[in-house]
Every structure is written in structure tokens, then in C-alpha cells.
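A short worksheet on the structure shown next.
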Amino acid sequence: MSKDSAATLVERSLAHVWHPCTQMKDHEWLPLVPITRGEGVWLYGPDDKRYFDAVSAWWTNLFGHRHPHIVSRLKEQLDTLDHVMLAGFTHPPVVELSERLARITPGDLSRCMYTDNGSSAVEVALKMSHHYWVNSGKPEKTRFIALSGSYHGETLGALAVSSTGLYRDAYKQLLLEPIVVRGPDCGILEPGGRPPGRSWEDHARARFKEMERALEQYADTTAAVIVEPLIQCASGMRMWPPIYLKLLSEACKRHGVHLIADEIAVGFCRTGKLFACEWADVTPDFMCLSKGLTGGTLPLAVCLTNDHIYQAFYDDYASGKAFLHSHSYTGNPITCTAALATLDILEQRDWPAHVRNLGQRLYGALSELSRHPHVADIRQQGLVVAVDLAQDGPAAKPYAAGERRGLRVYQHGLTRGTLLRPLGNTVYFMPPYVTTPEEIDWLAEVAIEGIHSATAD
């Protein structure tokens with residue numbers, strides 16, 4: 001492609017493609033970036049300008065674009081079976097994937113219900129939890145408890161148990177109302193956030209008292225509590241310690257309420273363990289996985305649960321207890337093969353330790369920002385690092401959202417060949433695991449330059 005055809009591609013896209021999570025009017029002044037190929041950690045435009053994918057293609061890409069093992073497995077599968085409906089039929093990739101997921105996920109999660117995306121996996125967990133209680137003679141358990149700052153997807157059920165107003169508010173009249181409990185976020189920019197000098201664990205324990213009160217008050221009508229373990233990603237990479245998850249799991253068991261772990265963004269080593277729940281040695285009743293499940297190649301998601309819940313639906317058809325949830329491409333053989341290839345790569349080395357080391361290196365490379373007058377907080381969990389920009393960093397006085405300081409860092413990154421898509425005024429890093437230590441240092445250098453530039457006036 002020539003440079004002229006690159007401009008044409010952008011023009012054609014703007015004429016017909018409604019891009020996700022975008023105010024399309026922005027593209028009157030913010031150039032759309034055309035990409036025609038990927039290789040490892042790099043994305044390439046039609047003119048061969050390259051961009052380091054520091055956000056892993058929206059948190060999906062674990063081992064770089066077009067990993068040869070995944071590509072090879074997909075080509076083999078395409079020569080064998082493209083698709084078959086999973087109702088009344090089965091096939092080798094979905095059977096093997098289910099067996100392997102049951103082996104590697106925490107505890108007794110042995111039953112797999114597949115969907116096409118993370119939001120749909122959350123929908124399955126919500127419906128299955130309530131339906132379990134209906135089948136168990138407790139139809140009054142219709143409510144869900146969610147944390148402030150939570151985000152679980154864009155479909156109506158998933159959006160209902162999200163409390164991030166930016167995504168939810170326009171549709172609130174269509175949504176179920178969850179019980180929202182103030183979360184254990186250990187950041188300092190949140191109103192009423194972690195006080196100076198209080199440890200993360202002490203803060204989480206203090207916040208858990210509110211969850212305990214909610215469970216005591218609403219357990220009889222609550223089906224489940226849903227959380228994103230350790231990192232609330234879409235609300236600005238808010239982080240919290242494992243003790244909260246451990247206390248929550250114990251309390252849910254005491255009060256007879258399900259625990260749904262939304263590990264869509266944090267599963268598959270992103271937090272420094274294979275699954276974030278492992279940090280607290282917790283087995284949820286439902287675990288939702290997607291994004292990294294296929295290594296960033298194809299859309300696939302799964303909701304895992306245990307045999308006890310499965311048995312509540314296992315009965316004669318006439319009982320009406322069957323879980324009649326379906327999608328046309330449920331358990332597609334090609335997407336399951338991509339997931340199997342991803343699991344193969346995960347078995348090749350100690351990726352959790354590698355992820356922890358890379359994350360610590362990135363956190364250290366950004367350490368000079370702790371003295372920056374317009375940085376309020378820097379935090380890290382596994383290979384996720386976030387930097388909050390603020391009008392007054394030491395006083396934790398945030399910039400107005402409309403100033404879009406984070407977007408200025410993104411724009412600077414593009415000039416240096418780096419994709420750093422912000423979350424409001426939070427600049428974050430979630431690079432692929434195959435990033436080298438030298439590339440980590442370079443990413444930090446580019447971001448520091450961008451932050452200096454974005455906060456200069």
C-alpha cells in the first residue's frame with residue numbers, strides 16, 4: 001500500500017465504520033491510525049510505520065501478534081473443521097480445551113459454558129447464578145452486589161452490574177439496579193480514597209466492613225457478588241490487595257451467596273499468577289475468562305462453574321430446569337484451537353514469574369514520576385502499571401476530565417511509535433509478555449516524555 005492508499009483506507013473507514021468506545025467527532029482532528037499487519041509486539045501501518053502495542057490490543061495479546069505456534073495450529077484446524085453447532089454435537093478442540101481449563105483453573109471449576117466475548121460470559125454467570133437459586137427453591141434471590149468503579153461489559157446484564165457511569169449512565173433506565181458497595185480501591189484520587197499512611201491491606205479490611213454489612217442485610221435476596229479480582233481495569237486500573245478477595249469468599253460462603261470472579265482482563269498471568277484468584281487462594285462459584293484466552297487472535301469466552309451448580313440444572317426436560325442459553329458460534333472449533341495453542345505456550349516456561357519481573361522493571365523505570373508535580377499515583381500489579389495525572393499531584397487534586405491530559409500522552413506516543421491508549425487521565429501499560437527488558441525501558445522513556453509534555457501548561 002502507498003501512503004495515498006493509507007489515507008484512502010482512513011477515509012473509507014470513517015465513511016462506514018462506527019468505531020468502538022469512540023466519540024466519532026474526535027476524528028475530525030484526531031487522526032485514525034490504519035494498521036495492515038502485526039508482528040510480535042509491533043503493529044504496522046500501510047506505509048510501514050510501526051507502533052509498539054503497549055496495551056496488548058485491548059488487553060488480549062499475550063505473546064505477540066501472529067505467534068507462529070498459534071498461526072500453525074489455526075491453519076491445521078482450518079483444513080479439518082470450521083464450525084459445527086455445539087447443541088447436540090461436540091468436537092475434539094472444545095473437549096480438549098474444557099479438560100485443560102478444568103485442570104488449570106482454581107479448585108473444582110469443572111464445567112465450561114462457552115460464549116463469544118467477555119460480556120456474554122458475564123451474562124451467563126448472572127443468569128446461571130439466579131437460575132440456580134430458582135431451581136433450588138429460592139427464586140427471590142434476584143439481586144447482585146457489585147463494587148464501586150466496577151466494569152463487567154457492555155451487554156445490558158453485564159452493564160447493569162457495572163458502576164462506571166461513563167459507560168452505564170446513558171442506559172440506566174434499561175438496567176437492573178445492583179447493590180453497589182464502595183470498593184477497596186487503594187488509589188488516592190478516588191473521593192474518600194485510601195488515607196495517607198494507611199497500608200493497602202488495612203484499607204481493604206476497613207472497606208470490607210461495608211461489604212459485610214451489605215451481605216448481612218441483603219443475602220436473602222442476593223444471588224451473587226461479582227468482582228474483578230485485584231484490578232478494576234476499565235475504571236482506571238484501580239488496584240486492591242488479595243485480602244479483600246479472601247474475606248469476600250469467606251463471607252459469601254457464610255451468607256449463602258455466589259461469588260463471580262470476572263477474570264476476563266486479569267486471567268492468564270496478567271497479575272503475576274496464572275489466575276488472579278490464586279493470590280488469595282480462592283475458588284469462586286463462577287469464573288469468567290476471555291481476552292487472553294486465545295492469545296489475542298480470535299473472540300472466545302468461557303464461564304466456568306462447579307459440578308454442584310451443574311447438578312441443579314440436570315433433570316428431565318419437562319422439569320424446565322435446563323439452562324437454555326446459546327450463541328450460534330458457541331465453542332467454535334477454530335477459536336477453541338487458538339485457545340489450545342495459547343495454553344501450549346503458557347506451559348513452556350514460568351510465565352507468572354516472568355510477568356512479575358517485567359512489571360517490577362517497568363515500575364522501577366517509571367519511578368522518577370513519583371516526584372512529578374502532576375502525578376498523583378503510580379501503581380503496579382503483575383504486568384499492569386498505571387500512572388494517574390493530576391492538576392496537583394501531591395494534593396491528589398485531579399484534572400478536569402475535559403482537559404484530556406491522558407490523550408495528549410497518547411498523541412505523543414504515536415509520534416514515537418508507541419500505542420499508549422489512556423483511560424481518562426490515567427496512563428497505563430499492559431504490554432505483551434514477550435516484551436524485552438530494553439523495550440520496557442524505552443516504553444517508560446516515551447511515557448515520561450509524554451507526561452512532561454501533557455502537563456506542561
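Keep in mind the model is a prediction, meaning the values are calculated, not measured.
By the 4.5 Å heavy-atom criterion applied to side chains, Pro284 and Ile260 are not counted as neighbours. When side chains are defined from C-beta on, Leu97 counts as touching Leu343, because their heavy atoms get closer than 4.5 Å. Two residues are said to be in side-chain contact when any heavy atoms from C-beta on lie closer than 4.5 Å; Ile35 and Arg50 fail this criterion. Contact check for Leu340 versus Pro93: side-chain heavy atoms found under the 4.5 Å cut-off. For the pair Ile264/Val122, a side-chain contact is recorded, criterion being any heavy-atom separation below 4.5 Å from C-beta on. Using a 4.5 Å cut-off on side-chain heavy atoms (C-beta onward), Arg416 and Phe52 make no contact. Put simply, the side chain of Val227 does not reach to within 4.5 Å of the side chain of Asp262, judged on heavy atoms. Looking only at side-chain heavy atoms (C-beta outward), Cys277 and Leu245 come within less than 4.5 Å of each other.
Side-chain atoms of Trp59 and Tyr428 form a donor-acceptor pair, as typed in the model, at a separation below 3.5 Å.
Residues satisfying the side-chain hydrogen bond (donor to acceptor under 3.5 Å, both in side chains) test with Ser56, not counting sequence neighbours, are Arg270. Looking at residues two or more places apart in sequence or on another chain, you find no side-chain hydrogen bond (donor to acceptor under 3.5 Å, both in side chains) involving Gln391.
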- List the steps, then state whether salt bridge (charged side-chain N to carboxylate O under 4.0 Å, His left out) holds for Arg379 with Asp388. CA-CA 9 Å; Arg379 55 196 174 277; Asp388 290 331; 2.7 Å; yes
- Query: Can you list the steps and then say if Asp26 with Arg404 is a salt bridge (charged side-chain N to carboxylate O under 4.0 Å, His left out)?
  - Reply: CA-CA 12 Å; Asp26 280 354; Arg404 304 182 78 176; 2.8 Å; yes
- I would like to know whether His67 and His65 meet ring-ring contact (aromatic ring centres under 6.0 Å, His included); could you show each step before the answer? CA-CA 6 Å; His67 189 284; His65 296 275; over 10 Å; no
- Message: Evaluate Trp240 against Gln232 for side chain to side chain contact (heavy atoms under 4.5 Å, CB included), listing each step before the verdict.
- Response: CA-CA 9 Å; Trp240 45 276; Gln232 294 179 301; 3.9 Å; yes
- So Val409 and Val387, side chain to side chain contact (heavy atoms under 4.5 Å, CB included) or not? Walk me through it. CA-CA 11 Å; Val409 180; Val387 180; over 6 Å; no
- Query: Does the ring-ring contact (aromatic ring centres under 6.0 Å, His included) test come out yes or no for Trp42 and Tyr51, once each step is laid out?
  - Reply: CA-CA 6 Å; Trp42 296 96; Tyr51 304 90; 8.9 Å; no
- Task: Kindly indicate, with the supporting measurements, whether the criterion side chain to side chain contact (heavy atoms under 4.5 Å, CB included) is fulfilled by Leu407 and Asn425.
- Result: CA-CA 8 Å; Leu407 185 63; Asn425 288 322; over 6 Å; no
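Thr297 contributes a side-chain N or O that, together with a main-chain N or O of Thr294, makes up a donor-acceptor pair within less than 3.5 Å. A side-chain donor-acceptor contact under 3.5 Å links Ser163 to the backbone of Gly149. Between the side chain of Thr105 and the backbone N or O of Leu101, at least one donor-acceptor pair lies under 3.5 Å. Without hydrogens or angle criteria, Ser110 side chain to Ala102 main chain gives no donor-acceptor distance under 3.5 Å. One N or O on the side chain of Thr305 and one on the backbone of Asp285 form a donor-acceptor pair closer than 3.5 Å. Distance alone, capped at 3.5 Å, places no donor-acceptor pair between the Ser13 side chain and the Leu9 backbone. Panel note: side chain Arg168, backbone Ala160; a donor-acceptor pair is recorded below 3.5 Å. In this structure, Ser162 contributes its side chain and Ala158 its backbone to a donor-acceptor pair below 3.5 Å. When atom types are taken as modelled, the side chain of Lys273 and the backbone of Ala353 share no donor-acceptor pair closer than 3.5 angstrom.
Note that the CG atom of Leu369 and the NE2 atom of His452 stand 6.5 Å from one another [nearest 0.5 Å]. Going from atom CG of Leu74 over to atom NE2 of His69 covers 9.5 Å, rounded to the nearest 0.5 Å. Note that CG of Leu293 and CG of Leu300 are 4.5 Å apart. Values are rounded to the nearest 0.5 Å. The CG atom of Asp377 sits 12.0 Å away from atom CZ of Arg238, with the distance rounded to the nearest 0.5 Å. With rounding to the nearest 0.5 angstrom, the CE atom of Met239 is 12.0 Å from the CD atom of Glu228. Atom CE in Met128 sits 5.5 Å away from atom SG in Cys303 (nearest 0.5 Å).
Here the closest non-hydrogen pair linking Gly153 and Ser119 is CA-OG, 3.1 Å. The minimum heavy-atom distance linking Thr271 with Ala276 is given by the pair OG1-CA, 3.7 Å. Scanning all heavy atoms of the two residues, the minimum distance from Arg405 to Ala454 falls at NH1-O, 2.9 Å. Pro106 and Val282 make their closest contact through CB-O, 3.8 Å (heavy atoms, listed as atom of the first residue, atom of the second, distance). Among all heavy-atom pairs drawn from Thr330 and Leu86, the shortest one is O-CB, 3.7 Å. Across Thr342 and Gly292, no two heavy atoms sit closer than the pair CG2-O, 3.6 Å.
The aromatic rings of His374 and His372 are tilted relative to each other, their planes meeting at an angle between 30° and 60°. Below 30°, between 30° and 60°, or above 60°: for Tyr329 and His83 the angle between ring planes is between 30° and 60°, a tilted geometry.
Ring centroids of Trp351 and His354 are separated by less than 6.0 Å, placing the two rings close together.
Under the salt bridge (charged side-chain N to carboxylate O under 4.0 Å, His left out) criterion, no residue pair touches residues 122-132, with sequence neighbours excluded. Sequence neighbours left out, the pairs with a member in residues 96-131 that pass ring-ring contact (aromatic ring centres under 6.0 Å, His included) are His131-Phe313. Each ring-ring contact (aromatic ring centres under 6.0 Å, His included) pair with one or both residues in residues 266-292, not counting sequence neighbours, appears once here: His258-Phe286, Phe268-Phe275. Under the salt bridge (charged side-chain N to carboxylate O under 4.0 Å, His left out) criterion, the residue pairs touching residues 80-103 are Glu96-Arg100, Arg100-Asp344, Arg100-Glu347, with sequence neighbours excluded.
The existence of a salt bridge linking Glu177 and Lys172 is excluded, since no basic side-chain nitrogen approaches an acidic carboxylate oxygen closer than 4.0 Å. Remark: Asp185 does not engage Arg194 in a salt bridge, criterion side-chain N to carboxylate O under 4.0 Å. A salt bridge is absent between Arg421 and Asp53; no separation between the charged side-chain nitrogens and carboxylate oxygens falls under 4.0 Å.
Among Leu62, Leu346, Leu383, the single residue meeting the side-chain contact (heavy atoms from CB on, under 4.5 Å) criterion with Cys269 is Leu346.
Annotation: cation-pi geometry satisfied between Arg111 and Tyr310 (NZ/CZ under 6.0 angstrom from ring centroid, within 45° of ring axis).
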